[in-house]
Amino acid sequence: MSVRVRYAPSPTGSPHIGNLRTAIFNWLFARHAGGTFIARLEDTDRTPGRYVPEGIYELEASMRFFGALPDEWWVYGGESAPYIQSHNLPYYQLCAERLIREEKAYRCYCTRERLDAMRTEQQARGLPTGYDRRCRHLSEEDRARNEAEGITSVVRLAMPLEGYTVVKDEIRGDITYENRLQDDQVLLKTDGFPTYFLACAADDHRMGITHILRGDDWLSSAPKLIQVFVALGFDVPKMVHLPLIIGPDKKKLSKRHGATQFLDFVDQGYLPEALMNFICLLGWSAGDENRELFTVPELIERFSIEGISEHPAIFDYEKLKWMNGHYIRGCEPGRLIGMCLPYLRKAGLIPEAPLSSASDDEKETYRIEVLDYVRRVIPLEQERMKMLSEVVDLVGFFFAELDYPNGYEEKAVAKWLKVPYLKPLLEKQIEVYSALAEWTPEALEAATREISEGLTLKFAEVIHPTRVAVTGRTVGPGLFETLWAMGKERTITRLKTVSERA
RNA sequence: GGGGAUAUCGUCUAGAGGUUAGGACGAGGGAUUUUCAGUCCUUAAGCCGGGGUUCGAUUCCCCGUAUCCCUACCA
């Protein structure tokens, strides 16, 4: 039987990195096995705040970002449509009614107040919490009277009171749970929507799902899910529980740890291939290959359930940054530049591109004055960039109006723009550079070496003050590439300003 | 309170009875250079504790401990 797996997110906002990994693992598993990858929207919780209709677009964007596109989903359908649970309510209701008819489920008329009070009491007395099954054995008359009175009800699963449920986890082995300890799970809510358990079992069956790969946090409730499958008379898919991704403090990954949601990662400028590669290494390993850099085809080729580990993994942002830097360094300059442009625009370093209605002249000017300059500058910082968002800080001095000492780093100034030979040096440079026939890194270096010899200064004694004078800082790309990229006019202007105010 | 899972360098992990316990990030040192970054070389750093089983346990079993998860008309 060919593999059919699904990613079943809820639209609660921008997807969490843990859910993204679940999606990717499902996708890799399907691709590796030549199976089908399905995405299904589990939007059965209509509680305000927990139901974010726009979340669906984030979900779609995240899958596109990784290139982990489903074979079947709500965007372009498939043979198991619908893929949005709220569009299929009658189906779940039918399932619930059938279970009632077969006495595998029952209507429960208990109010939330009673349930809350019961739970509070149980907790106060140190008793296990759970539904006391009061409505499970209601007489026909009681039931009829409740219905006649119009009391709202939910449908609960009549959990077997004896025996055991075995969760056959593909990586953890068999895990046995006592049925008497399992709650009579609500299957259908008063609003007519199914709960996760009903919707999941019903849809997994309907869609022919063969394997369930989901977070470890579902393991404890797996016996309840299995009992829903059993009650419905459906085969239980193979189960694979993925280790959780946690924060450095071993707590659930949250905002204060850094980026956690898809949007956060995109904003900070992580490349899809870096995030994909890194995420796959959290809770999965290719084995004894002693390698951690993998392309997507390599991941597909190697991915297997045996390689999944069983303990939670801490999300190491440092390692992600390293990996992102690695992929940025290997990036085609054209692609890198394209990815950096939005950051530069957002920071106000470069103007917005002219509208399509703008004149050809305007477009040409933008191309020459902005894009060509960006094209020269970005590659110079490529090997230093760890996240795209850093580009703003890295190349800011190329664009910003430096007006000595405004915009200059204090320490840099103190160290290199207070040297006694500064003024003669700068004046000589202005003279020589202005007369330079060819504005290339090589010519600039040759000229500068001559200057340093002429003034009997060490090369480093020339390099450092020059860099600070022209960039306002002590770190950056090679000085002559920097001068070359900045252009003669900008270079001379900055040297003059510093020289005059020195 | 009940139930479940998990436990190898700081972190991600390899290991599946006998290994100098391997790799990567990070950290330290060195080389290169024009600063930073990068690259190359290099060092330190680990089997949660206690019992078993075994000729021999990081590895298998039990107990303890710790951590996380579930215990909702949330997924």
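So you know, we letter chains A, B, ... as the sequences are listed, proteins then strands, and number each from 1. All values derive from a computational prediction rather than experimental measurement.
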> Roughly how many Å is it from CG in A:Leu394 to C1' in B:rA37, rounded to a whole number?
Replying inline: 9 Å
> How would you label the contact of A:Glu383 with the nucleic acid (heavy atoms, under 4.0 Å): base, sugar-phosphate, or nothing?
Replying inline: base
> What is the nucleic acid contact for A:Arg172, judged by heavy atoms within less than 4.0 Å: base, sugar-phosphate only, or nothing?
Replying inline: sugar-phosphate
> Looking at B:rA75, B:rG38, B:rU34, which one has an atom nearest to any side-chain atom of A:Tyr196?
Replying inline: B:rA75
> Between atom CD1 in A:Ile314 and atom C1' in B:rU8, what is the gap in whole Å?
Replying inline: 14 Å
>> If I take atom CD in residue A:Glu390 and atom P in nucleotide B:rG38, what distance separates them, rounded to the nearest angstrom?
In response: 11 Å
> Using the C1' atom in both, what is the distance from B:rA27 to B:rU11, to the nearest Å?
Replying inline: 12 Å
> In terms of the nearest nucleotide of RNA chain B, which residue is placed more toward the 5' end: A:Leu181 or A:Ala460?
Replying inline: A:Leu181
>> Does A:Arg156 reach a base, just sugar-phosphate, or nothing at all? Heavy atoms under 4.0 Å.
In response: sugar-phosphate
> Watson-Crick or G-U wobble partner for B:rC55, using a 3.5 Å limit on both distances?
Replying inline: B:rG18
> B:rG38 phosphate, OP1 or OP2: any side-chain N/O from A:His326 under 4.0 angstrom?
Replying inline: no
>> Looking only at the side chain of A:Leu244 (C-beta and beyond, no hydrogens), which of the listed nucleotides B:rC69, B:rA75, B:rG3 gets closest?
In response: B:rC69
>> Is the ring pair A:Phe480/A:Phe459 parallel, tilted or perpendicular, if the boundaries are 30 and 60 degrees?
In response: parallel
> Taking 4.0 angstrom as the limit, do A:Asp43 and A:Arg46 come out as a salt bridge?
Replying inline: yes
>> Out of the candidates A:Ile451, A:Thr448, A:Leu444, only one should pair with A:Val432 under the side-chain contact (heavy atoms from CB on, under 4.5 Å) rule; please name it.
In response: A:Ile451
> Taking a pair as Watson-Crick or G-U wobble with both distances under 3.5 Å, which nucleotide is matched to B:rC68?
Replying inline: B:rG4
> Across the strands shown, which category fits A:Arg112 at heavy-atom distances under 4.0 angstrom: base, sugar-phosphate, nothing?
Replying inline: base
> So what does A:Ser309 hit on the nucleic acid, given a heavy-atom distance under 4.0 Å: a base, only sugar-phosphate, or nothing?
Replying inline: sugar-phosphate
>> Using a 4.0 Å heavy-atom cut-off, does A:Pro194 contact any base of the nucleic acid, only the sugar-phosphate backbone, or nothing at all?
In response: sugar-phosphate
>> What's the closest nucleotide to the side chain of A:Ile463 if the choices are B:rU34, B:rC70, B:rG22?
In response: B:rU34
>> Rounded to whole Å, how long is the line connecting atom CD of A:Glu481 with atom C1' of B:rA37?
In response: 13 Å
> Taking the side chain of A:His464 as heavy atoms from C-beta outward, which of B:rU34, B:rA5, B:rC74 is closest to it?
Replying inline: B:rU34
>> A:His241 and side chain to side chain donor-acceptor pair (under 3.5 Å): which single residue from A:Glu310, A:Glu170, A:Arg214 fits?
In response: A:Arg214
> If you look at every heavy atom in A:Tyr177 and A:Leu219, which pair is closest and at what distance?
Replying inline: OH-O, 3.3 Å
>> By nearest atom, which of the nucleotides B:rG10, B:rC70, B:rG38 is closest to the A:Ser221 side chain?
In response: B:rC70
>> Starting the side chain at C-beta, find the nucleotide from B:rU39, B:rU34, B:rA5 nearest to A:Leu219.
In response: B:rA5
> What are the two closest non-hydrogen atoms of A:Asp183 and A:Gly130, and how far apart are they?
Replying inline: OD2-CA, 3.6 Å
> So which heavy atom on A:Ile463 is nearest to which on A:Leu479, and how close?
Replying inline: O-CD2, 3.7 Å
>> Just the rounded figure in Å: distance from C1' of B:rG26 to CD of A:Glu292.
In response: 13 Å
> Of the nucleotides B:rU11, B:rU34, B:rA7, which has the atom closest to the A:Asp316 side chain?
Replying inline: B:rU11
> Mind checking the C1' distance from B:rU67 to B:rG38? Whole angstroms is fine.
Replying inline: 39 Å
> Does the base of B:rC74 carry an N or O that pairs as donor and acceptor with the side chain of A:Thr47 under 3.5 Å?
Replying inline: no
> Whole Å only: how far is the NZ atom of A:Lys250 from the P atom of B:rC48?
Replying inline: 12 Å
> When all nucleic acid strands are considered with a 4.0 Å heavy-atom cut-off, which category describes A:Lys251: base, sugar-phosphate, or nothing?
Replying inline: sugar-phosphate
> Can you check whether A:Met323's main-chain N or O pairs, donor with acceptor, with A:Glu292's side chain at less than 3.5 Å?
Replying inline: no
> What's the closest nucleotide to the A:Glu310 side chain, out of B:rU71, B:rU6, B:rA75?
Replying inline: B:rU6
>> Measuring to OP1 and OP2 of B:rA72, would you say a side-chain N or O of A:Arg119 lies under 4.0 angstrom away?
In response: yes
> Is the base of B:rA24 touched by the side chain of A:Lys319 through a donor-acceptor pair closer than 3.5 angstrom?
Replying inline: yes
> Rounding to a whole Å, what distance do you find between A:Tyr164:OH and B:rG3:C1'?
Replying inline: 13 Å
> Residues from residues 269-284 of chain A sitting under 4.0 Å of RNA chain B, heavy atoms only?
Replying inline: A:Leu281, A:Leu282, A:Gly283
>> Could you check whether A:Arg449 pairs with A:Glu445 (Lys NZ or Arg NE/NH1/NH2 to Asp/Glu carboxylate O, under 4.0 Å)?
In response: yes
>> Classify A:Pro477 by what it touches in the nucleic acid, base, sugar-phosphate, or nothing, heavy-atom distance under 4.0 Å.
In response: base
>> So A:Ser10, base contact, sugar-phosphate only, or nothing? Heavy-atom distance under 4.0 Å.
In response: sugar-phosphate
>> Mind checking if A:Thr474 touches a base, just sugar-phosphate, or nothing, with heavy atoms under 4.0 Å?
In response: base
>> Of the listed nucleotides (B:rC12, B:rA24, B:rG3), which one gets closest to any side-chain atom of A:Ser220?
In response: B:rG3
>> Starting the side chain at C-beta, find the nucleotide from B:rC73, B:rU34, B:rG1 nearest to A:Pro128.
In response: B:rG1
> In whole angstrom, what separates A:Ile226's CD1 from B:rC70's C1'?
Replying inline: 14 Å
>> Any strand counts, and the cut-off is 3.5 Å on both contacts for Watson-Crick or G-U wobble. Which nucleotide pairs with B:rG49?
In response: B:rC63
> Is A:Gly287 touching bases, backbone alone, or none of the nucleic acid, heavy atoms closer than 4.0 Å?
Replying inline: sugar-phosphate
>> Only pairs with both distances under 3.5 Å count, Watson-Crick or wobble alike; so what is the partner of B:rA44 in this structure?
In response: none
> Is it true that A:Arg6 and A:Asp204 have a side-chain N and a carboxylate O under 4.0 angstrom from each other?
Replying inline: yes
>> Which nucleotide, if any, forms a Watson-Crick or G-U wobble pair with B:rA31, using both distances under 3.5 Å?
In response: B:rU39
>> Let's test this: given Watson-Crick or G-U wobble pairing with both distances under 3.5 Å, identify the partner of B:rU11.
In response: B:rA24
> Just checking A:Val186: base, sugar-phosphate only, or nothing, at a heavy-atom cut-off of under 4.0 Å?
Replying inline: sugar-phosphate
> What pair of heavy atoms forms the shortest contact from A:Leu99 to A:Ala231, and how long is it?
Replying inline: CD2-O, 3.5 Å
> Checking all strands, does A:Phe193 fall into the base, sugar-phosphate, or nothing category for heavy-atom contacts under 4.0 angstrom?
Replying inline: nothing
>> My understanding is that only one of A:Arg473, A:Arg384, A:Lys386 makes a salt bridge (Lys or Arg N to Asp or Glu O under 4.0 Å) with A:Asp393; could you say which?
In response: A:Arg473
>> Does a side-chain N or O of A:Arg329 approach OP1 or OP2 of B:rU39 to a distance below 4.0 Å, or not?
In response: yes
>> Using a 4.0 Å heavy-atom cut-off, does A:Thr44 contact any base of the nucleic acid, only the sugar-phosphate backbone, or nothing at all?
In response: sugar-phosphate
> Does a distance-only test, which skips hydrogens and angles, find a donor-acceptor pair under 3.5 Å between the side chain of A:Arg467 and the base of B:rU34?
Replying inline: yes
